[in-house]
> 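Here it is: the structure, laid out below.
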Amino acid sequence: MSWFSASPPSQRWAFAISALVAATTVPVHAQKAPRPVHVEDPDAPTVMTAESMRGRPERELNLDKNVVIERGKTTKMTSDTACYKQVDDEFDAEGHIKMWRFGDYYTGDVLKLNMETGKGFLLNPTYRFEVGGGQGKAERVDFINPDEANVIDGTYSTCEGPNPDWYLKSSTLNLDTGRDVGTGSKTIIYFKDVPILGTPGISFSLSGARRSGWLAPTPGFASKNGFELTVPYYVNIAPNRDLTLFPKYIQRRGIQLGAVGRYLGETDGGLLYQGETSFEFLPNDKQTKTNRYMIKSKHEQALGLGWVYGWDLRDASDNNYPSDFSKTVATATERQLLRELRTEYRTEDWSLTARVQNYQVLQDPDAVTDPSLFVTRPYDRLPSVNFHAGKYDVWGGLDWTFDAEATRFVHPTLVQGSRLVAVPQVSLPIVRPGYFITPKLMLNASAYQLDNDSRTKAQFPNTSFTRAVPTFSVDGGLVFERDTNLFGAKGGTQTLEPRLFYVYTPYRDQSQFPNFDTADGTFSLTQIFTENRFVGSDRISDANQVTAAVVSRFLRPDGAELMRLTFGQRFYFADQRVQLNSSTPVNQSRSDILLAATGRVSETWTVDSLVQYNPSDRQLISSTYSLQYQPGPKKVLNFSNRFQRNSLRNAEISTQWPLTDRLYGVGRISYSLLDRRMLESLVGLEYKGDCWVFRMGAQRFVTSAKNASTPIFFQLELTGLSNGLGLGANGLETFTKTIPGYQALSQPLR
């Protein structure tokens with residue numbers, strides 16, 4: 001005899017599909033949820049009305065026609081006939097029964113109910129819960145107590161109406177509103193009256209809250225790995241802790257085991273901590289014949305008032321792990337895995353930070369044949385100690401700060417050594433209505449001590465270096481205002497803010513200094529208002545220059561910024577002699593021009609743009625444009641274009657748009673116009689039912705210089721069952737991370 005004997009032969013194909021799930025799924029005991037508040041008065045009178053009554057009032061009453069029985073505010077029942085046994089405080093009722101019990105609603109043919117204990121039964125019932133909206137029908141309901149009932153050969157769904165789009169059917173279904181948990185045995189899940197999943201046991205939350213249990217299987221397909229099937233188990237350890245375990249079958253690789261743990265909490269002393277750790281392990285990969293893994297862990301914790309520590313650890317078994325197993329462009333192209341342990345102590349006026357840091361570098365598989373793809377390993381910092389102190393508005397309005405850093409740089413192939421940097425600075429901000437001016441003096445002092453080994457001797461005749469470079473700067477500007485109605489700022493304000501920023505730093509020869517962590521700063525609206533054009537402490541740029549800029553902002557009457565327009569350019573009064581990897585000075589009188597516009601041009605259009613233009617050569621150096629059209633909920637259209645002369649020219653379009661009242665289209669295309677190559681593409685459809693969402697899609701993205709991955713996914717989300725039961729890959733996560741402005745058709749519960 002079949003274990004699922006209640007199912008007709010025509011449905012057995014569903015169990016073949018779900019055989020793996022049924023073999024591994026068992027009833028689970030969920031974490032106890034808070035008991036709903038039942039307002040019950042044991043002394044409340046029982047009020048009975050009917051067209052006729054007979055019997056002995058002290059012992060038994062028989063009620064006929066239009067019977068109504070009420071007990072306080074907790075229970076109300078109507079029926080054709082009823083018999084009340086006063087000694088037992090028990091009712092027997094028949095015919096067109098309707099019962100309201102603690103907000104829950106039942107109908108049926110025959111009822112027996114003890115009002116004191118809550119025990120009884122109801123034949124041919126239907127039911128609906130006040131919390132969570134769960135409803136169903138059955139052959140019989142046995143009431144165990146006011147909170148708990150057993151539904152025999154019954155159904156359960158959160159859909160509205162007598163014919164729900166999805167429902168589960170169990171031989172025995174225990175519904176416990178006190179513990180907020182439903183458990184079923186020999187359960188089949190139906191969608192549009194078609195069985196899609198069979199399991200010997202199931203557990204779910206009646207209110208939709210998260211709880212422990214097996215989640216839906218996640219099938220998928222990828223061009224590199226073939227068919228994939230994940231069967232995750234969710235452990236709701238506590239409201240602030242959870243753990244997801246997932247065995248995963250990968251057709252061309254084998255069985256992968258994984259876990260993701262998250263936590264957020266407070267110690268007994270009131271100190272906060274939070275973190276997340278994920279682990280994936282694939283023993284004996286079928287293709288590489290090796291064990292493969294990926295570990296990621298983050299943690300932050302307070303040790304005392306102002307004292308915290310944390311870590312950020314990442315590790316992979318081999319260079320190809322991200323490209324072989326990643327599901328997004330960001331993780332597939334991640335080549336420098338940070339490992340860092342840090343601690344910081346902070347007071348009102350100063351802070352001290354210490355860290356040890358190194359990287360695992362994962363080389364692109366094609367770097368062997370294409371050296372341009374080779375990823376340089378950064379220096380390890382073993383350790384690095386930073387000190388910062390500062391006071392503001394002292395001694396007549398002065399601001400002063402002091403920064404110091406001591407770092408030991410370690411590298412397996414490059415010159416190693418230690419560096420000490422100290423940067424004191426003092427400024428006098430003068431801020432008045434309509435203008436501001438801030439003169440500043442600073443000193444950058446550095447000392448190096450290199451290791452006395454063969455690598456150092458081959459490049460540097462000396463192992464000790466010192467440097468002291470002073471800098472003077474002055475930053476000033478004006479602010480003009482006028483009324484405006486542009487860009488939706490009705491009754492608002494437009495500002496005009498010209499600004500000048502002058503910097504003088506004398507030249508110091510630094511060509512013989514090592515370079516541990518310094519690079520050219522990205523030319524941007526932020527960088528042109530800094531004293532040093534380099535990022536890092538190994539080079540201090542000489543400067544005799546002024547930056548001129550104009551900003552215009554459009555403000556609403558409440559002060560919120562709607563639009564910002566910016567123009568900026570730097571002018572040089574002397575050659576730039578300090579260079580990163582060259583001794584040849586740069587001779588130019590002015591920099592490129594930067595123009596930016598960002599904000600809302602209307603209620604539906606948002607723009608963000610930045611242009612870098614070389615007026616001497618009359619050439620566009622770089623540009624970034626993004627435009628978003630969002631006329632309503634779940635309607636978004638994004639356009640963007642990125643250009644970098646001689647290296648990058650990408651165009652991108654993405655959208656979420658309703659095709660009908662319930663059908664939505666989702667798509668994204670990222671294309672390299674320079675290489676004439678598709679970098680990323682996504683096409684998907686979503687359909688929103690009353691109590692379910694179906695989404696499907698196909699995605700293609702680059703995983704290395706010459707390789708790409710093409711995963712295909714589908715997902716059926718049954719609202720209210722195990723936080724929205726998803727049958728398929730996590731399409732919701734894919735759409736959310738890929739489409740700017742995307743809005744979920746149904747909000748996830750965890």
Side-chain angles (χ1 to χ4, degrees), residues 24 28-34 180-181 203-205 207-218 220 228 230-248 256-282 293-303 308-316 321-322 325-328 330-332 334 337-344 713 715 717 719-726 728-738 742 744 746-750:
T24 57
V28 297
H29 300 283
Q31 176 185 316
K32 187 172 182 178
D180 187 37
V181 61
S203 174
F204 55 94
S205 167
S207 67
R210 68 181 194 183
R211 45 191 335 105
S212 300
W214 291 98
L215 303 180
T218 306
E228 299 179 357
T230 306
V231 185
Y233 183 86
Y234 179 76
V235 184
N236 186 32
I237 302 171
N240 60 336
R241 299 183 186 89
D242 63 11
L243 175 67
T244 304
L245 307 171
F246 53 92
K248 182 177 184 179
Q256 184 186 64
L257 304 176
V260 179
R262 302 179 300 176
Y263 52 89
L264 171 68
E266 185 175 312
T267 65
D268 294 338
L271 303 175
L272 300 178
Y273 63 88
Q274 64 178 343
E276 179 176 340
T277 297
S278 63
F279 174 71
E280 298 174 353
F281 177 67
L282 178 65
Y293 64 85
M294 170 70 84
I295 302 173
K296 297 181 181 180
S297 180
K298 287 187 176 182
H299 179 80
E300 292 285 344
Q301 182 167 346
L303 296 174
V308 299
Y309 87 98
W311 66 70
D312 191 341
L313 305 175
R314 301 190 179 200
D315 190 67
Y321 193 96
F325 298 103
S326 294
K327 299 301 181 185
T328 64
T331 55
E334 189 177 26
L337 305 184
L338 174 67
R339 295 92 166 263
E340 180 182 78
L341 178 63
R342 61 188 175 274
T343 184
E344 179 181 12
F713 58 86
Q715 185 178 28
E717 181 182 316
T719 307
L721 182 60
S722 187
N723 301 322
L725 180 64
N730 198 337
L732 177 60
E733 182 180 1
T734 300
F735 293 162
T736 301
K737 292 183 176 180
T738 305
Y742 170 85
S746 62
Q747 294 300 320
L749 297 174
R750 69 172 177 86

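This is a predicted model, so every value here is computed, not measured. Side chains included, hydrogens not; waters and symmetry mates left out as well; all remaining heavy atoms used.
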> Locate the shortest heavy-atom distance separating S278 from V260; write the atom from each residue and the value.
CB-CG2, 3.9 Å
> Rounded to the nearest 0.5 Å, what's the gap from OG1 on T244 to CG on N236? Could you check?
10.0 Å
> Between NE2 of H299 and OH of Y309, what distance do you get to the nearest 0.5 Å?
3.5 Å
> Quick check: closest heavy atoms across K298 and D312, and the distance to 0.1 Å?
CE-OD2, 3.5 Å
> Which heavy atom in A259 sits nearest to a heavy atom in F246, and how many Å separate them?
N-CE2, 3.5 Å
> Decide yes or no on side-chain contact (heavy atoms from CB on, under 4.5 Å) for V235 and Y233, but give the supporting numbers first.
CA-CA 7 Å; V235 184; Y233 183 86; 3.4 Å; yes
> Find the distance between OH (Y321) and CD (E280) and round it off to the nearest 0.5 Å.
3.5 Å
> Could you check whether any side-chain N or O of R339 sits under 3.5 Å from a backbone N or O of R314, counting only pairs where one atom can act as donor and the other as acceptor?
yes
> If I take atom CG from residue L243 and atom CZ from residue R262, how far apart are they, to the nearest 0.5 angstrom?
10.0 Å
> Measuring from atom CD of E276 to atom CG of D242, what distance do you get when rounded to the nearest 0.5 angstrom?
8.5 Å
> Do the side chains of Q301 and L271 get nearer than 4.5 Å, heavy atoms only?
no
> Would you please name every residue forming a side chain to side chain contact (heavy atoms under 4.5 Å, CB included) with V308, sequence neighbours left out?
A302, E344
> What residues, two or more places apart in sequence or in another chain, satisfy salt bridge (Lys or Arg N to Asp or Glu O under 4.0 Å) together with E340?
R342, R355
> State, with a plain yes or no, whether a side-chain heavy atom of I237 is found less than 4.5 Å away from one of Y263.
no
> When the ring planes of F281 and F279 are compared, do they come out parallel, tilted or perpendicular, using 30° and 60° as the limits?
parallel
> Roughly how far, to the nearest 0.5 Å, is the CG atom of L337 from the CG atom of L313?
11.0 Å
